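Keep in mind that what you see is a predicted model, and the values were worked out from it rather than measured. Sequence lines set the chain letters: A, B, ... in the order given, protein chains first and strands last, and positions in each chain run from 1.
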Amino acid sequence: MKPLILLIEDDAQIRRFLRAALDAEGYRLQESITAEEGLAQAASRQPDLILLDLGLPDRDGLEVIQKVREWGKIPILVLSARGQEKDKIAALDLGADDYVAKPFAVGELLARIRAALRRSITRVDGAGSLVHFGPVEVDLDKRVVRVDAKEVHLTPNEYKLLQVLIQHAGKVITQRQLLNEVWGPQHTEQAQYLRVYIAQLRRKLERNPARPKYLQTEPGVGYRLVPEES
Amino acid sequence: VAVATVASVLLRDTLAPTNLAMIYLGGVVAVAMRCSRWMSVTSSFLSVAAFDFFCVPPYLTFAVSDYQYVFTFAGMLVVALVISTQTARLKEHAAHAAVREARTEALYRLSSKLAGETRVFEAARAAATLAEDVFGARVVIFLPEDGKLSFRRRTSDLLPVPPSEESIAQWVFDHGHKAGLRTDAHSDAAALYIPLRGARETFGVLAVLPDVVSNAENRIFAPEQQQLLEVFASQTAVAIERTLSQRAEEETRVHMQTEQMRSSLLSAMSHDLRTPLASITGAASTLRSQNDRLPLETKQELLESISDEAERLSRLVGNLLDMTRLESGGVELRRDLYPLEEIVGTVLQRMEPQLEGRAVTTELAENLPMVFVDDVLLGQVLWNLLENAAKYTPPGAPLELAAFESGGAILIEVRDRGPGIAPGEEERIFEKFYRGKSDNVRGAGLGLPICRAIVQAHRGTIQALARDGGGTTFRISLPTQST
C-alpha cells in the first residue's frame, strides 16, 4: 500500500497545493488543521510520516513533536518559517527528523519526504555494510573508507563522525546531537571541535572541500550528509 | 602736607615763597592721585594753611605781613582744588572703565562658553561655573522638570541652599522677578534668586549665595555687580533658548529625513512588490481562463514565470524583513569560531541554481585562522555579494572568491569582471534603496545595505573597489580575534 502522510497545517492554501503535489506522487493524505486533531489522528491512523507546521493556532508545534515521540518513531518533517534557526534546532532536538523552510519548492519537499521514508524502511531492514556516495565508499563492517577506490585513513573520531552522519544520511543533524553521539554528552557545547573535524573530513572525502557536495552545512543548525539521489 | 612743609622750611631761605608754593601743589597732586576726592580737597586747604604758617613771613603764625600773599593763597587754593578734583575724576573714569571691561569680559566668556553647547543642562552648568568665578560667590542654577522648577535638577552636586527655599525659587520662576536675599521679597533667604528669562519664557533660576567668609558679600550687592548679575542671567537664558531652538531644528531635520526615507521605501515597495505580483497574477489568470486554447509550451513558460517571480518576491520580502530586524537591533549575533571554508562552501553549494554553472574560483589562503562570526549572517553577506555579481555581469562570466590575512584582519573578497561601479558611487551603493545610475537590473537596493549592516555588527568594514582591468572587488575586512 502507498505510504500515508499526515499533514498538520492550518493554512488552507498551503494544504491545497500540498494535497495536489502529494496526490500526484501517489501518497495517501490525511489532513488536520489543529494540533489537537493532528495528535488524535497520529495515534489512530498510525501514518508513515507526519508533515508538521510549527505555527498552529491551538498549540505550539513543538508540543506535538514531544507528544508523538512519547509513543512512537514516526518520521516527522517540520515546515518552518525562514530565519528561525532556534525553532528548527528545538524541533530537531525534540526528535523531529528534518525541516523544510517556507517558502519551499515542492521538489525539495518531496526529496525530503522520500529520504525520511527510506530511512524508516532501512531501519527495519538493517543497513547494508557498504555505503556509497559520490567517489566515497564506506565499508561499515571493516571500518574502511575508500575515495576513488583508494583507501583513505581516518582518525577514530573522524570515522565515528562519518558513521553517525551515514546513519542519518539525508537528514539534518544538529550540532548538539552530533557532539553527543561522537564525543559524549559532556561535550555538547564544544561546537568548534566539530567544525574542525568536519573540515578535515571534507578535505579527505570531498573533491572540492570549499564547495562540498556531500557533507553539507545547514547554517545555524547542523550538518547533513547528502547521498546522491538514486 | 607734612613732607612738603619740611622741604619748604629747609628751602625757605634759598627759594622765593612763591616757588615753595609749587612744592605744596606737588604734594596735593600726589594725594589726589593716591587717595579719595575728599582727602585731596582737604589736603588742598591744609597745604595753603601750612604754607602760610611755615613759609610766609612772619613764620609760625597765620598772620601775613605782605598782603600780596593773599593773592598767592587764593591762587594756590584754586589751583590745588582744581588739581584734586580733576585727578579724582580721572581716577573714577579709570575705575569705571575697569568695571566695564571686567563686565564685558565676563559676558564675552559666557557667550563663548555657551556658544557650542547643544544641551541645556550642560549650558546651565557652564554658566554657573563661570558665574562663580566672575562674582566670587557660590552659584547654582536650577532647571524645571515637567514644567515645574525642581531643586533636583541643579548644576552642582551639593544643594547649597535650604530645601525649604524651593518655593521661593518656584515663585521667581513663575513670576520672572528676582527675590531672596537683599530684595523686597524674602529678604531673609539664604540666597538671591534671579530668573533666567529668555524672550518667550523663563528657563530656570540662578541662585547666588554670598561667600560670608570673604568680603565678597558687599561687593556682589554693589549696584554695578547686581546689574552685571542680571545681564549675566539674561545672557544665559538666551543661550539656553538658542540651544532649545537648535534642538528643535535638528529634530525637524531628522523627522524630515525619516519621512523621506519612508516615502522612498514606499515607492520602492510599491514598485518592487507589485511588479512580480502583477506577473504572477497575469500568468495564473491566463492559465485559468484560457487553459484549453494555450499550447503546452506557452503553459510551461507561464508556469516558469510564476515560479520565478514568486522566488523574486520571496527574496525581496526576506531582504526587507532582514533589514528591518537589523535596523531595529532585533538581530542577536550568534558568534562562534568557524573555518571560513565551511561558510564559503555552504553558500556556494546553496547558490548553485543561481550561478547557473558559472565558474567561481575560490582562493582561500592556507592556514587561515578561524573567524569569530555569526555563520548564518556572514553567509548571507557572501550570498548577497555573489548574487549581485551574478546579476550585474554577463552570464557565464567567471567570479572569484578569495580570503587572506593581512594586517591584523581577515580580508574576504568577491571579485567580478563586470562593467564596474561608476566613479563616485562606491559609497552610495551601500545606502538603502540606492540604485546605480546605469542600473537596469531589477532590485530594491537592499542587498548591499544588509551586507554593510551585518559586517558592521561584526565590527568589520565592507567596501567596493575598482579592479585593474575592469570589474569590481567587494572587500570585507574582519578584525582577527585575539582569542
K.L.:
By a 4.5 Å heavy-atom criterion (distance strictly below it), what part of A:Ala191 contacts chain B: side chain, backbone, both, or neither?
P.N.:
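Looking at A:Ala191, just its side chain touches chain B.
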K.L.:
Who wins among A:Gln192, A:Gln216, A:Arg195 for the most heavy-atom pairs under 4.5 Å with chain B?
P.N.:
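Among the listed options, the one with the most contacts to chain B is A:Arg195.
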K.L.:
Quick one: do A:Asp53 and A:Arg15 make a salt bridge, cutoff under 4.0 Å?
P.N.:
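Here A:Asp53 does not pair with A:Arg15 in a salt bridge, since their nearest N and O are not under 4.0 Å apart.
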K.L.:
Checking B:Arg358 against B:Thr393: is there a side-chain donor and acceptor pair closer than 3.5 Å?
P.N.:
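Result is yes, a qualifying pair exists.
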K.L.:
Using 4.0 Å as the upper bound for N to carboxylate O, is an ion pair formed by A:Arg203 and B:Glu341?
P.N.:
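A:Arg203 and B:Glu341: salt-bridged.
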K.L.:
Which residues in residues 345-352 of chain B have a heavy atom less than 4.5 Å from any heavy atom of chain A?
P.N.:
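Listed by number: B:Gly345, B:Thr346, B:Leu348, B:Gln349, B:Arg350, B:Glu352.
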K.L.:
Under a 4.5 Å heavy-atom cut-off, does chain B meet the side chain of A:Phe104, its backbone, both or neither?
P.N.:
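No part of A:Phe104 comes within 4.5 Å of chain B.
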K.L.:
Tell me, please, which residues at least two apart from B:Arg467 pass side-chain contact (heavy atoms from CB on, under 4.5 Å).
P.N.:
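Partners of B:Arg467 by the side-chain contact (heavy atoms from CB on, under 4.5 Å) criterion, ordered by chain and then number, come out as B:Glu400, B:Arg415, B:Arg417, B:Thr473.
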K.L.:
Using the side chain to side chain contact (heavy atoms under 4.5 Å, CB included) rule, pick out the option among A:Val100, A:Leu49, A:Asp97 that qualifies with A:Arg112.
P.N.:
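In the set A:Val100, A:Leu49, A:Asp97, the residue that makes a side chain to side chain contact (heavy atoms under 4.5 Å, CB included) with A:Arg112 is A:Val100.
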K.L.:
Where on A:Arg224 is there a heavy atom nearer than 4.5 Å to chain B: the side chain, the backbone, both, or neither?
P.N.:
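Neither part.
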K.L.:
Only counting residues at least two apart or in another chain, list the ones meeting side-chain hydrogen bond (donor to acceptor under 3.5 Å, both in side chains) with A:Asp23.
P.N.:
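Per chain and number, A:Asp23 pairs via side-chain hydrogen bond (donor to acceptor under 3.5 Å, both in side chains) with no residue.
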K.L.:
For the pair A:Lys171 (side chain) and A:Ala116 (backbone), establish whether a donor and an acceptor sit closer than 3.5 Å, ignoring hydrogens and angles.
P.N.:
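Answer holds: no.
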K.L.:
Which residues satisfy the side-chain hydrogen bond (donor to acceptor under 3.5 Å, both in side chains) test with A:Asn180, sequence neighbours excluded?
P.N.:
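Checked A:Asn180 against side-chain hydrogen bond (donor to acceptor under 3.5 Å, both in side chains); zero matches.
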K.L.:
For the interface with chain A, which of B:Thr362, B:Leu401, B:Asp336 has the highest count of heavy-atom pairs at distances below 4.5 Å?
P.N.:
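Answer, by heavy-atom pair count under 4.5 Å with chain A: B:Asp336.
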